Amino acid sequence: MTETTASSGGRPNLPMQGVPQPRRDEVLNLPRVHISSHPVMAHKLTALRDKNTQPPEFYRLVKEIGALLAYEATASLALEQSPIETPMGPMAGERLAGGIGVTPVLRAGLGLAEGFREVIPDVQVWHLGLRRDEQTLQAMEYYNQLPHKVDLQVCYAVDPMLATGGSAIDAINVLKRRGIPRLCYVGIIAAPYGLLKLSQTHPDIEIYIGALDESLNDVGYILPGLGDAGDRQFGTF
Ligand code: PRP
Ligand code: URA
């Protein structure tokens, strides 16, 4: 673990100042963590991170990356038999067994959820509003539109940025209380600190990310990262 520096040697006045962080290579091989190695992902991530990329293109890229991550994260879904007739005759087809849920963590998860819907149009979308307090970095729930009836085989919590891990951990806590049989987290960019925290707190979930970055700065932003994913999608600078 490396330590971020405290300015005066006294009590840190920035939330991540002086907090020990794991190095990238220390979290590369965590169980159940999948880091995309697809060249198209790397290509799109570079365009997404570029500070000159404007909100309309940024949002489009988040959706496209969401579709790529959806393709990777759904690779192990269960299938059931579905006999059909093709124009040539009968065939033992297959279809996805059980419902699939996507929980966008508002706001920034909205673009990712749209990408999932392009791959699987009949996903259920369970909106969950969490806002990170920028002083304490604690996530606070402000909106919850999750149905009471659960008929899913899996639910994906989607949020572009896994920084300290607080929002992701809270989102999974909320979904666990619904009794969904299988939960996954899907993000675009993770910091080693948040990835380790999420993996240790919820060792039973699969985690899919597009890239693993280097560290968090003193105020909890990912380096090199992409800045504020919500503001860049919705133009609220
Ligand atoms: C961002 C991001 C995550 C969270 C990550 O959201 O989309 O939800 O911060 O940080 P953490 O891992 O330290 O919790 P934010 O709270 O800024 O809200 P927004 O989506 O409305 O911009
Ligand atoms: N939220 C963001 O949008 N970006 C970061 O780097 C960290 C949290």
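Positions are given from 1, in the same order as the sequence printed here. Whatever order the structure lists them in is the order used to number ligands and atoms, beginning at 1. The shown structure was predicted, so the numbers you read here are calculated from the model rather than taken from an experiment.
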If I apply the N/O under 3.5 Å rule, does Thr164 come out as touching ligand 1?
yes
Sub-4.0 Å protein heavy atom next to atom 1 (C) of ligand 1
no
With atom 17 (O) of ligand 1 as the reference point, say which of Glu134, Gln138, Arg131 has the nearest heavy atom.
Glu134
Contact check: Met161 vs ligand 1, nitrogen or oxygen atoms, below 3.5 angstrom
no
Please tabulate, line by line, the atom pairs linking an N/O of ligand 2 to a protein N/O at a distance below 3.5 Å, with the distance in Å to 0.1, or answer 'none'.
unit_1, atom_1, unit_2, atom_2, d
ligand 2, 3 (O), Ala229, N, 2.8
ligand 2, 4 (N), Gly227, O, 2.8
ligand 2, 6 (O), Ile222, N, 2.9

Non-hydrogen atom of Leu106 closer than 4.0 Å to ligand 1
yes
Minimum-distance protein heavy atom relative to atom 8 (O) of ligand 1
Asp159 OD2, 2.5 Å
Does atom 6 (O) of ligand 1 have a protein non-hydrogen atom under 4.0 Å from it?
no
Is there a polar contact, in the sense of an N or O pair closer than 3.5 Å, between Ala108 and ligand 1?
yes
Pairs of donor and acceptor atoms involving the side chains of residues 156-172, under 3.5 Å and at least two apart or interchain, shall be tabulated with distances.
unit_1, atom_1, unit_2, atom_2, d
Tyr156, OH, Ala73, O, 3.1
Thr164, OG1, Gly166, N, 3.3

Any N/O pair Arg107/ligand 1 closer than 3.5 Å
yes
Flag Gly165 as yes when one of its N or O atoms lies below 3.5 Å from any N or O atom of ligand 1, and as no otherwise.
yes
Around atom 10 (O) of ligand 1, find the nearest protein heavy atom and jot down its residue, atom name and distance.
Arg132 CD, 3.3 Å
Interfacing atoms of ligand 1 (cut-off 4.0 Å, heavy-atom, Gly166)
12 (O), 14 (O)
